[in-house]
Structures are given as C-alpha cells and as structure tokens.
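What follows is a set of notes on a single structure, which appears directly below.
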2 protein chains.
Amino acid sequence: MDHHEHSRHDGADTDGAPLDEAFTPRQEEVLEAALGLLVEGGERAITTAGLARAANCSKESLYKWFGDRDGVLAAMIAYQASKVRVAVGGPAAQRPADTYRADLEGFGVDLLTVLSGPASLALNRLAIGQASREGSRLGDLLVARGRRAVSTRAKALLEAGKRAGHLRFEDTQDAFETLYGLIVRDMHVRLMLGEHVPATHSDQAMANHVAGAVDQFFRLYGADAKP
Amino acid sequence: MDHHEHSRHDGADTDGAPLDEAFTPRQEEVLEAALGLLVEGGERAITTAGLARAANCSKESLYKWFGDRDGVLAAMIAYQASKVRVAVGGPAAQRPADTYRADLEGFGVDLLTVLSGPASLALNRLAIGQASREGSRLGDLLVARGRRAVSTRAKALLEAGKRAGHLRFEDTQDAFETLYGLIVRDMHVRLMLGEHVPATHSDQAMANHVAGAVDQFFRLYGADAKP
DNA sequence: TGCGTACCGTACCGTTCGGTACGGTGTCAA
DNA sequence: TTGACACCGTACCGAACGGTACGGTACGCA
C-alpha cells in the first residue's frame with residue numbers, strides 16, 4: 001500500500017513516531033492545497049470535488065491515497081504536524097540569567113506566533129469541530145502531534161533553567177502549564193472564535209506581552225521566590 | 001424533557017442588551033431540544049428535519065420562528081446565554097482576607113465548572129467551527145453573551161478586593177486575564193478537543209487546582225507583593 | 001356556528017456532496 | 001510495439017439536507 005521508498009526523511013527522527021506514514025511529493029502537494037482551502041473557507045470548503053479541482057488531481061486518486069474524506073482530514077493534520085518538526089531545544093548549556101530569560105521569552109513569542117498562525121487556527125478549528133463526532137480521533141492526533149512538540153521543548157527549557165539555578169520547582173509539567181497560562185491566557189480560544197487579539201498582531205505587542213508574562217513566571221518560579 | 005417554567009425576563013437586565021429577543025415557552029422547548037442534539041452529536045446533528053422530529057414541531061414553525069438554520073444556531077447561543085445569567089457578584093462588602101480568598105476560589109470553581117460543562121463545550125465547539133465562515137457572527141455572539149458575564153463578575157470581585165486592601169494592581173482587565181490564565185491554563189482548548197482533563201472531573205480535584213491558582217495569583221497581585 | 005390563527009405532520013423539490021466507474025494520457029520497461 | 005502502471009478529467013449515482021407547500025387539527029373569539 002504505502003511504499004515510502006523515496007521519502008527523504010528530513011531531520012533526525014529518532015524518537016520512534018507512532019504512525020509515520022510518509023507522503024509522496026504529489027500527496028504533499030494535494031495536502032498543501034487542502035490546507036489552503038481549509039484556511040480560506042473552513043471545513044465545509046474541503047469537498048472531494050473541490051479539493052480535486054484545486055489540486056489538479058482526480059477524486060479517484062484522493063480515495064486511493066487517503067481512503068475517504070476523513071482520511072484526508074487526518075492526513076492534513078499529520079502533514080502539518082510533520083512540517084512543524086521544530087528543533088527540540090538547544091544543547092541546554094549553562095547560560096547566564098539574562099540570556100536564559102531571553103530564551104524563555106523567545107519560546108513564548110514562538111508559541112504565540114504558532115498559535116495565532118492561520119494554519120494552526122484552521123487545523124484547531126477543524127479538530128474541535130470534529131471532536132463531537134464519536135470515533136473521531138482528530139483531536140487526539142492534533143494534541144499528540146502538535147502539543148507534544150511544544151511541550152517537550154518547553155519542559156526541556158524549564159529543566160535546564162532549574163539545573164542552572166535560575167528556576168525552582170518540583171513538578172515540571174505544572175510549571176510548564178503555568179507558564180502556558182500566563183502567556184496564552186484565553187487568547188487561543190478568542191482567536192479561534194474569530195476575535196481580534198491585539199497582543200498577537202504586531203511583533204512589538206507580542207514581545208511586550210510575553211515579557212510581562214515571563215516576568216510573572218519568574219516571580220512565581222524564580223530561584224529567589226518564596227516557597 | 002424538562003420544561004423549566006417560562007421565566008420571561010428574569011433578572012434585572014439594565015445594561016442595554018443589544019438584541020434581546022425573548023423566546024416563547026414553546027420556542028424555548030425547541031431550543032432545549034436543539035441543545036440536546038448539539039451536545040450529543042455536534043453541529044451536524046442539528047438538521048431541520050431532525051430538530052423538528054426531536055422537538056415535535058414542524059419545519060415550517062422552525063423557519064417561521066428562527067428564519068433559517070443559522071437563525072436556529074444563533075438562537076441557541078442567545079438562549080443558553082440567557083440561562084447562565086448568573087448573579088453578577090455580591091454587594092462587594094468589605095470582607096476579611098480569608099473569606100475574600102474563598103470568594104476568589106469560588107469564582108474559579110464556578111468558572112471551571114461552566115467551561116467544562118457539556119452545553120458550554122458544545123456551544124463553543126459550534127461557534128468555533130462556524131468562525132471560519134465569513135459573515136458568521138456566532139463567535140461574537142458567544143463572546144458577547146457568555147464571556148462578558150464572567151468578565152464583569154470577576155472584575156467587580158477584583159476591584160472589591162483592591163478597595164478592601166487585599167489586592168494591588170493597576171489594570172483590572174490585565175489582572176483578570178492573568179487570573180483566568182492561571183486557573184484555566186489550556187484546559188478549555190483541551191476539553192474542546194475531546195481530551196480528558198483530570199482537574200475538571202471531581203470537585204475535589206477542581207478545588208485543589210483552583211486553590212493553587214489563587215495562591216499564585218495572590219503572590220502576583222497580593223497587597224504584600226513586590227512591585 | 002363560523003372564522004382566523006397557530007401549529008403539526010408529511011410530502012415534495014432542487015442542490016450538494018461522498019463515493020464509484022469509465023475512458024483517455026503519459027511513462028517506463030521488456 | 002506491447003503491456004502494465006499511475007494518474008487525470010468527467011460523468012454518474014444514491015443519500016442527505018435546506019427550504020417550501022399543503023392538508024389537517026386544536027383553540028380562541030365574535
């Protein structure tokens with residue numbers, strides 16, 4: 001069925017991904033077109049005929065490659081997640097306090113940038129819209145593929161800061177979720193609802209907000225914080 | 001099916017709601033049935049024929065009352081929001097520190113309870129799924145109807161705490177959003193994606209989490225916090 | 001008694017969409 | 001040249017859905 005012979009495996013994928021069905025270049029083109037349709041018109045814009053027309057392929061090929069329409073949606077999420085295979089943190093070397101703070105702020109800006117991106121918003125809207133349907137694992141797929149990446153990167157960053165003496169905490173997961181809450185607040189939901197969120201519009205506003213959030217985070221988890 | 005008594009215009013609605021189309025008891029029954037369909041099967045379960053069958057009404061009446069299918073969806077959000085017309089905070093009397101802290105925790109528990117409720121999740125999923133369609137104001141409707149209530153209640157609570165000397169902050173909106181982030185984190189999104197979130201399952205777990213979040217909030221905005 | 005109103009249940013129509021089938025084209029290998 | 005293969009474009013089908021129309025029924029009112 002899936003002959004992944006000429007899939008040039010970019011990036012070191014050594015952490016044993018669960019179901020890594022590599023897509024052929026042609027399939028990636030089709031999925032890219034599907035992403036475009038989704039971003040522009042939402043889930044209802046992803047019709048088999050419309051996608052075939054937009055991608056210059058036949059409906060027969062769609063069903064051969066992805067099984068059915070739900071397979072196309074799942075493949076879109078898997079494909080998009082494979083694109084965001086970010087470098088999972090640096091070597092976590094010892095860094096002075098101010099540069100480590102900049103690292104945290106960089107993570108926060110990256111996080112907000114990803115979350116407010118049109119593709120991410122469209123995929124999240126898709127998965128949430130499908131979450132009610134029983135037997136739909138798009139939500140799990142999205143959280144497994146997308147969130148895991150940012151989570152591992154952030155937790156590595158936090159533990160590096162702990163080892164370097166910049167931070168003090170017991171539960172890494174708890175510290176990460178607090179940082180997430182301080183940075184994102186309810187912006188993600190409001191963005192998905194279509195609202196304008198000023199703090200995500202300009203890089204300047206985003207940097208200002210993240211700086212404040214990281215400041216609060218240090219007051220809660222800094223090495224010189226109260227127990 | 002529970003037809004709670006037709007309480008038209010309960011609560012003092014003095015803040016000039018934009019479009020407050022009161023529904024007749026029969027219409028509320030239909031909207032209640034629509035809510036049930038939505039919670040169980042998502043947006044696709046709301047078909048005109050299916051709703052008419054579930055509510056024992058005719059399609060003709062649906063179109064007479066709500067205009068078209070989108071009108072039904074909008075009416076569902078307006079109706080649900082009208083049900084959650086919570087008492088907008090107490091008299092904000094001077095309260096000692098420990099009881100004020102309990103007030104904040106009560107707000108947090110209420111917030112998490114509402115957000116994790118099946119009806120709220122279904123409505124939010126609906127609004128988010130429709131947010132991509134141009135000219136759909138369901139998201140605005142939801143945020144205007146639902147979020148405004150919790151926001152005003154929380155901000156009144158925060159300013160009361162400030163006047164009582166328990167809190168110190170400049171920007172009320174900013175303080176509220178920080179509190180929201182500390183309490184909710186990314187649970188709302190994860191719940192909407194269909195994930196299991198332990199902190200929302202038992203009242204005990206919820207209370208524990210909220211207590212920790214309020215603790216963090218006091219360390220950031222308490223009267224004895226650093227500048 | 002008759003009439004208007006509001007409503008229910010059903011039948012109907014046009015459209016859209018998921019999914020399948022078929023003919024035609026380019027390519028590679030023997 | 002011949003065949004196998006992968007693919008495109010189009011046509012087609014059945015089902016589901018939004019929306020409309022019509023007949024029938026209960027109730028209030030003059």
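Lettering follows sequence order; numbering is per chain, from 1.
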Worksheet item: With sequence neighbours left out, what residues match B/Lys64 under side-chain hydrogen bond (donor to acceptor under 3.5 Å, both in side chains)?
Response: none
Solution key, residues 178-189 of chain A side-chain donor-acceptor pairs under 3.5 Å, sequence neighbours excluded:
residue  : atom : partner  : partner atom : Å
A/Thr178 : OG1  : A/Asp174 : O            : 3.0
A/Thr178 : OG1  : A/Tyr221 : OH           : 3.2
A/Thr178 : OG1  : B/Arg185 : NH2          : 3.1
A/Arg185 : NH1  : B/Asp174 : OD1          : 3.2
A/Arg185 : NH1  : B/Glu177 : OE1          : 2.9
A/Arg185 : NH2  : B/Asp174 : OD1          : 3.3
A/Arg185 : NH2  : B/Thr178 : OG1          : 3.1
A/Asp186 : OD1  : A/Arg190 : NH1          : 3.3
A/Asp186 : OD2  : B/Arg147 : NH1          : 2.6

Worksheet item: Within the pair A/Arg26 and D/dC8, is there a side-chain N or O less than 4.0 Å away from OP1 or OP2?
Response: yes
Worksheet item: Tell me: CH2 of B/Trp65 to P of D/dG19, nearest whole Å?
Response: 17 Å
Worksheet item: Atom CG of B/Leu51 and atom C1' of D/dG18: how far apart are they, to the nearest Å?
Response: 13 Å
Item to complete: Verify, without hydrogens or angle tests, whether B/Glu159 (side chain) and B/Ala156 (backbone) share a donor-acceptor contact under 3.5 angstrom.
Response: no
Fill in: Spacing of A/Glu29 atom CD relative to D/dA6 atom P, expressed in whole Å
18 Å
Discussion item. Check this for me: does any side-chain nitrogen of one of B/Arg44 and A/Glu43 sit under 4.0 Å from a carboxylate oxygen of the other?
Written reply: yes
Fill in: CD (A/Gln173) with more than 12 external heavy atoms under 6.0 Å
yes
Could you go through nucleotides 18-20 of chain C and list every protein N or O atom that sits under 3.5 Å from one of its N or O atoms, giving the distance for each pair?
residue : atom : partner : partner atom : Å
C/dG18  : OP1  : A/Arg69 : NE           : 2.7
C/dG18  : OP2  : A/Thr48 : N            : 2.9
C/dG18  : OP2  : A/Thr48 : OG1          : 3.3
C/dG19  : OP2  : A/Tyr63 : OH           : 3.3
C/dG19  : OP2  : A/Arg69 : N            : 3.1
C/dG19  : N7   : A/Lys59 : NZ           : 2.7
C/dG19  : O6   : A/Lys59 : NZ           : 2.4

Discussion item. At less than 4.0 Å, is any side-chain N or O atom of A/Ser61 found next to OP1 or OP2 of D/dC8? Yes or no.
Written reply: yes
Worksheet item: Got a sec? Which of residues 30-38 of chain A come in under 4.0 Å of DNA chain C, heavy atoms?
Response: none
Fill in: Integer-rounded Å distance: D/dA21 P and B/Leu62 CG
16 Å
Worksheet entry | Gap between atoms CD and P, on B/Glu43 and D/dA16 respectively (whole Å) | 18 Å
Item to complete: Output all residues satisfying side-chain contact (heavy atoms from CB on, under 4.5 Å) with B/Asp140, sequence neighbours left out; order by chain, then residue number.
Response: B/Arg137
Item to complete: Write down the distance between NZ (A/Lys64) and P (C/dC22), rounded to a whole number of angstrom.
Response: 15 Å
Item to complete: Spell out, as yes or no, whether a donor-acceptor pair under 3.5 Å connects the side chain of A/Thr200 to the backbone of A/Val197.
Response: yes
Worksheet item: Should A/Glu28 and A/Lys83 count as an ion pair when the cut-off is N to O under 4.0 Å?
Response: no
Worksheet item: Is there any ring pair (Phe, Tyr, Trp, His ring centres under 6.0 Å) pair reaching into residues 48-77 of chain A, and which pairs are they, with sequence neighbours excluded?
Response: none
